[in-house]
Amino acid sequence: MLLSEIVETSRAVTATSSRTAKVEHLAATLRRAAAEDPKRIDVVASYLSGTLPQRRTGVSWRSLGELPPPAEEATLTVADVDASAEELAGTSGSGSGATRRRIVAELFSRATAVEQAWLRAAFVGEARQGAADGVMLQAIAKAGDVPDSAVRRAVMLAGRTGPVAEAALTGGADALGTIELEVGRPLRPMLAASAPDVPAALATMPGEVALETKLDGIRLQAHVDEGAVSLFTRTLEDVTDRLPEVVDVLRRLPVRQAVLDGEVIALDETGRPLPFQVTGARTASSADPERLRAEVPLTPYFFDLLHLDGEDLVDHPLSERWERLAEVTSEGHVAPRLTTADVEQAQRFFDDVVARGHEGVVVKDPQLPYAAGRRGPGWIKVKPRHTLDLVVLAVEWGSGRRKGWLSNIHLGARDAETGGLVMLGKTFKGMTDEMLRWQTERFRELAVGDPEAGWVVELEPEQVVEIAFDGVQRSTRYPGGMALRFARVIRYRDDKPVSEIDTVQTVRALAGW
DNA sequence: TTCCGACAGTGGGGTCGCAAT
DNA sequence: ATTGCGACCCCACTATCGGAA
């Protein structure tokens with residue numbers, strides 16, 4: 001199949017805002033791929049959702065700065081592109097920058113202008129065609145003439161869409177039905193929606209709920225198969241070799257085969273959680289694992305059991321999965337949990353968890369199955385929220401659907417000692433289109449110099465904004481040595497002068513430094 | 001006809017390891 | 001030895017479409 005067919009489909013998908021029309025376009029091209037190039041349906045499916053099947057290629061927008069002149073005619077095939085991407089993935093991180101540049105140059109010189117644009121978006125991961133995983137899933141169902149639910153289930157159990165597309169189009173519902181949970185192969189983790197507080201979370205569920213401690217660490221999916229252990233992150237990256245102490249814990253479990261879901265976290269000597277940055281640095285490092293293990297040991301906590309000794313449990317209710325988990329896991333590797341229908345009791349549990357230094361709680365409906373890969377209503381996370389009144393120091397022009405609007409604001413606090421203003425980070429979150437319109441006008445007025453002159457627009461520090469955030473983290477990027485985690489706008493305030501905004505001393509005290 | 005669940009998009013800070021400087 | 005870059009970790013929030021009520 002020619003790449004130009006993918007590019008043309010992408011153009012059509014981008015051009016319409018109707019999801020059903022997007023699905024039609026994608027399904028038609030998938031069907032053509034099945035007829036012409038059945039061995040590469042998985043690659044075509046990946047391309048149609050604007051991504052490369054290769055996890056990493058070492059190529060990003062910086063390395064695509066200057067491209068060779070485009071080809072006149074569309075001759076590139078999907079197979080050609082896949083071969084190049086495969087070669088790039090194989091040489092990524094192996095000290096062959098010149099080789100990679102040559103592969104990129106050759107590939108792009110064979111592409112037409114529109115194909116170059118598509119390739120760039122695919123490598124950079126910025127397809128922006130209004131169709132990613134979810135819409136693609138519907139297209140696969142349509143093209144294979146199988147139910148959405150069958151595709152969704154297969155994708156969740158297989159972890160990836162490519163092989164599922166291939167099965168759906170070549171073997172239909174029968175082939176999809178053979179895709180099951182496989183011990184050793186990661187599946188998509190179930191995700192949680194969020195609620196502002198405990199009563200709101202409980203209000204979404206009938207009767208008794210389960211409250212679990214939400215640990216501020218790294219999500220971990222663990223597979224045990226006759227003594228062989230594999231560990232995967234939320235995006236299904238294999239991190240087995242990095243976490244030997246976690247492997248040891250799993251080897252000791254009294255199971256032949258199991259798939260567990262949980263979190264790993266670094267604790268201090270008293271069992272209190274260390275900052276997320278400590279756990280994050282440990283799991284990101286592939287240096288000598290035995291040394292790291294001695295320096296920053298990690299503790300796994302499990303909260304779900306998806307398979308046990310030949311039996312899949314994903315469709316069983318949480319209450320039963322939890323019971324089976326408790327039978328095979330020692331007390332030290334299950335975080336505190338409470339089942340209740342009483343709001344006050346739930347609130348006390350939340351307060352206690354937070355007081356002990358944890359991130360919050362996840363409220364779960366005990367009757368529901370494991371909905372892999374979805375941010376379903378079955379799990380609701382609740383975290384404490386802090387707010388500050390800060391000043392807008394500068395603002396950046398937006399991109400994509402925010403093009404032409406002043407979007408991302410730079411946040412400053414007052415330094416009570418020097419009287420100056422100290423930047424604590426940026427945010428673009430929480431803004432409605434109405435707010436974007438308003439702030440684009442407002443910040444044009446406050447601009448120091450020509451607001452159209454550059455990407456970042458410096459402002460007279462006059463506009464006060466109320467900001468919500470999850471916590472304070474150490475920063476080397478900002479002069480105050482700290483930054484706000486997950487900052488988002490609540491509202492602009494005109495009732496408060498800059499002389500009365502919050503101070504860096506307040507923020508430092510909040511962080512406990 | 002209205003409501004609401006699912007989805008895509010728009011980016012935030014921190015960290016590591018490797019290549020280039 | 002230092003810096004730049006790519007990829008990963010954590011993630012909040014709004015707008016929109018289209019099926020459910």
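- Contact annotation: A:R488 reaches the phosphate of C:dC13 (side-chain N/O to OP1 or OP2, under 4.0 Å).
- Atom NE2 in A:H386 sits about 15 Å away from atom C1' in C:dA12, given to the nearest Å.
- Atom CZ of A:R282 and atom P of B:dG14 are 22 Å apart (whole Å).
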Inset, instruction - Could you walk me through whether A:E237 and A:R56 pass the salt bridge (Lys or Arg N to Asp or Glu O under 4.0 Å) test, one step at a time? - result: CA-CA 11 Å; A:E237 177 97 345; A:R56 62 185 73 189; 2.9 Å; yes
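- For A:K426, the side-chain atoms get nearest to B:dG12 when compared with the rest of B:dG12, C:dT16, C:dC10.
- A close approach under 4.0 Å does occur between a side-chain nitrogen or oxygen of A:R128 and OP1 or OP2 of B:dT10.
- With hydrogens and angles left out, the side-chain atoms of A:E458 and A:H410 include no donor and acceptor closer than 3.5 Å.
- Look at B:dC7: it lacks any Watson-Crick or wobble partner with both distances under 3.5 angstrom.
- In this structure, A:L298 and A:E245 approach most closely via the heavy-atom pair N-OE2, 2.9 Å.
- Residue-level contact check: A:G280 touches neither bases nor backbone, having no heavy atom under 4.0 Å from any strand.
- In this structure, the nucleotide among C:dG18, B:dG12, B:dG14 sitting nearest to the side chain of A:S475 is B:dG14.
- Residue contacts shown for A:A468 are absent, as no nucleic acid heavy atom lies under 4.0 Å away.
- Within 4.0 Å (heavy atoms only), A:K383 reaches sugar-phosphate atoms of the nucleic acid but no base atom.
- Note on A:S18: a side-chain N or O is less than 4.0 Å away from OP1 or OP2 of C:dG18.
- Considering every non-hydrogen atom in both A:P53 and A:S46, the closest pair reads N-OG, 3.2 Å.
- The side-chain contact (heavy atoms from CB on, under 4.5 Å) test with A:L274 is passed by exactly one of A:D216, A:L267, A:D268, A:I265: A:D268.
- Atom CG in A:D470 sits about 17 Å away from atom P in B:dG12, given to the nearest Å.
- Side-chain atoms of A:S286 lie closest to B:dG17 of the nucleotides B:dG13, B:dG17, C:dT16.
- The side chain of A:T235 lies closest to C:dC9 when the candidates are C:dA12, B:dG9, C:dC9.
- Between A:S407 and B:dG11 there is a side-chain N or O to OP1 or OP2 distance below 4.0 Å.
- The side-chain contact (heavy atoms from CB on, under 4.5 Å) test with A:V209 singles out one residue from A:V198, A:D365, A:V363, A:I380, and that residue is A:V363.
- Contact annotation: A:R477 side-chain N/O to B:dG13 OP1/OP2 distance is under 4.0 Å.
- Distance A:R401 CZ to C:dC17 C1': 14 Å, rounded to the nearest Å.
- Toward the 5′ end of DNA chain C lies the nearest nucleotide of A:T283, the other residue of the pair A:A21 and A:T283 mapping further downstream.
- The phosphate of C:dC8 (OP1 or OP2) has a side-chain N or O of A:R56 nearer than 4.0 angstrom.
- Comparing C:dA12, B:dC16, B:dG17 by their closest approach to the side chain of A:A281 singles out B:dC16.
- Closest to the A:R19 side chain, of the nucleotides B:dC16, B:dG13, B:dA6, is B:dA6.
- Going from atom CG of A:L169 over to atom CD1 of A:I140 covers 8.0 Å, rounded to the nearest 0.5 Å.
- At C:dC9, none of the side-chain N or O atoms of A:T279 fall inside 4.0 Å of OP1 or OP2 (strictly under the cut-off).
- Listed candidates were C:dA12, B:dA8, C:dA7. Nearest to the side chain of A:T57 is C:dA7.
- Nucleotides of DNA chain C nearest to A:T233 and A:M431 differ in position, and the one nearer the 5' end is that of A:T233.
- Of the side-chain N and O atoms in A:T432, none sit less than 4.0 angstrom from OP1 or OP2 of C:dT14.
- Look at A:K22 and you won't find any side-chain N or O under 4.0 angstrom from OP1 or OP2 of B:dC7.
- Note on A:R402: every side-chain N or O is 4.0 Å or more away from OP1 and OP2 of B:dG9.
- For A:Q473, taking side-chain heavy atoms from C-beta onward, the closest of the listed nucleotides C:dG18, B:dG14, C:dA15 is B:dG14.
- Of the candidates C:dC13, C:dC11, B:dA8, C:dC11 carries the atom nearest the A:K214 side chain, counting heavy atoms from C-beta on.
- A:V489 comes within contact range of no nucleotide atom at all, as no heavy-atom separation falls under 4.0 Å.
- Among the nucleotides C:dC8, B:dC16, C:dC17, the one closest to the side chain of A:S17 is C:dC17.
- If you measure from atom CG of A:N408 to atom C1' of B:dG13, you get 12 Å, rounded to the nearest angstrom.
- Rounded to a whole Å, the CZ atom of A:R188 is 13 Å from the C1' atom of B:dC7.
- Salt bridge annotation for A:E441-A:R437: absent, with no cationic side-chain nitrogen under 4.0 angstrom from a carboxylate oxygen.
- Using a 4.0 Å heavy-atom distance criterion, A:D433 is classed as a sugar-phosphate-only contact.
- Within the 4.0 Å cut-off from OP1 or OP2 of C:dA12, not a single side-chain nitrogen or oxygen of A:S194 is found.
- Between A:E434 atom CD and C:dC13 atom C1' there is a gap of 17 Å when expressed in whole angstrom units.
- Mapping A:A132 and A:Y478 onto DNA chain B by nearest heavy atom places A:A132 closer to the 5' end of the strand.
- The CD1 atom of A:I490 sits 11 Å away from the C1' atom of C:dA12 (whole-angstrom rounding).
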